[in-house]
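Below you'll find the structure, written out as structure tokens, and then a few comments.
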Number of protein chains: 2
Amino acid sequence: MSSHVGYLTIRLAGLAKESFERAIEPLGLRPALYDVLAVVAELGPESQRDLAAVLGIDPARVVALVDELESSGLAERRVDPDDRRRRVVAPTRRGRDVHGRALRAARLVEADLLDALTPAERTALRDLLRRTVA
Amino acid sequence: MSSHVGYLTIRLAGLAKESFERAIEPLGLRPALYDVLAVVAELGPESQRDLAAVLGIDPARVVALVDELESSGLAERRVDPDDRRRRVVAPTRRGRDVHGRALRAARLVEADLLDALTPAERTALRDLLRRTVA
DNA sequence: TATTGTTATACTCTATAACTATA
DNA sequence: TATAGTTATAGAGTATAACAATA
């Protein structure tokens, strides 16, 4: 319909998100769960408050997401001995494994998404997007 | 966090959508309402079924959206005399006016979004996105 | 008194199926 | 019987405020 950058970006984001959802669904993940798992797997254990800050979401949402990760055995809460109000969220061994699989799935989705572009064009697109969101 | 195209695209789409929502909110529109109004204003009157097909949404959703456009005086339903099951949706004069204002607001949002890029880079980004979603 | 996490509530958006009226 | 539109219902996702435990 329109070929404005805003419109095209929203459409491409929709495609990317759908493909990503399909790719991580067999791992028992949704994008929101992936985000939490990725932070604790890549940045190391974090308190729920810090997780909320990093992810830019409300601390109340983190509760339910960590509940899910915990009940599917991908992460666990540990009470911080220095401040017993804090629950530090850490990935389990299986959580790390699933995170690795999800990362690889994401790379495949990305390659498929950019199928029509040459390597040089992919780099150009990435750089333009990076400068625009910065 | 990540600089994958998929992630950057989802972030940029979020920014674009938020800015667009803020820009059209004073006009009494949300993105879904804007989409319907844009189709009837740009492509001419359409049946609700055709609207659903063009927009890629369920006909049941169109009902509520057209209800809203109608009650805010931006569009109106007319029974098709040739097939009295069909309701043709047409913009009112005020609907056309609001659509024009929303379009201009969208152009400002777009310019603001691409502030960091040169004109040549904006064109390049648009072309790369267009080829990727195609 | 302030902060961390939790619970409860409500609100938006959307998907689905059942229903009506016309054909 | 098939189609256009409508209504009702339920589900996911999220925002908000009140609450309990700890500092």
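Quick caveat: nothing in here was measured; it's all calculated off a predicted structure.
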message: If I take atom CG in residue B/D83 and atom P in nucleotide D/dA2, what distance separates them, rounded to the nearest angstrom?
response: 17 Å

query: Please give, in whole Å, the distance from C/dT6 C1' to A/D67 CG?
result: 9 Å

- request: Compare side-chain N and O positions of B/R87 against OP1 and OP2 of C/dT20 and report whether any pair is under 4.0 Å apart.
  value: no

query: Taking NZ, NE, NH1 and NH2 as the nitrogens, is one of them in B/D127 or B/R130 under 4.0 Å from a carboxylate oxygen of the other?
result: yes

query: Given atom CG of A/L33 and atom C1' of D/dG13, what is their separation to the nearest angstrom?
result: 12 Å

message: Can you tell me which residue among B/H99, B/R101, B/R94, B/R93 is in a side chain to side chain donor-acceptor pair (under 3.5 Å) with B/D97?
response: B/R101

Under 3.5 Å donor-acceptor pair, B/R84 side-chain atoms to C/dT22 base atoms: no

statement: Which of C/dG5, D/dG5, C/dT6 is nearest the side chain of A/R49? It is C/dG5

- request: Working to the nearest 0.5 Å, report the span between CG of B/L29 and CD of B/E68.
  value: 9.5 Å

- prompt: When the distance from CD of A/Q48 to C1' of C/dT7 is rounded to whole Å, what number comes out?
  reply: 13 Å

- prompt: C/dC13 C1' sits how many Å from A/K17 NZ, rounded?
  reply: 12 Å

message: Any donor-acceptor pair, under 3.5 Å, between the side chain of B/R85 and the base of D/dT3, if you only look at N and O atoms?
response: yes

query: Of all the choices, D/dT22, D/dT6, C/dA21, which nucleotide is nearest to the side chain of B/V63 once you look at every atom?
result: D/dT6

query: So does A/R61 get a side-chain nitrogen or oxygen closer than 4.0 Å to the phosphate oxygens (OP1/OP2) of D/dT16?
result: no

field: Test applied, side-chain contact (heavy atoms from CB on, under 4.5 Å); reference residue, B/L8; option that passes from A/L125, A/L129, A/L128, A/T9
entry: A/L129

message: Please report the distance, rounded to the nearest Å, between CZ in B/R77 and C1' in D/dA4.
response: 12 Å

message: Looking at B/E70 and B/R87, is any side-chain nitrogen of the basic one under 4.0 Å from a carboxylate oxygen of the acidic one?
response: no

task: Using whole Å, report how far CZ of A/R86 lies from C1' of C/dT6.
output: 16 Å

task: Have a look at B/D58 and say if it touches a base, only the backbone sugar-phosphate, or nothing, with a 4.0 Å heavy-atom cut-off.
output: base

query: Where each residue is assigned the nucleotide of DNA chain D containing its nearest heavy atom, which of A/A60 and A/D82 is assigned the position nearer the 5′ end?
result: A/A60

query: Nearest-Å distance, CD (A/E46) to C1' (C/dG5)?
result: 16 Å

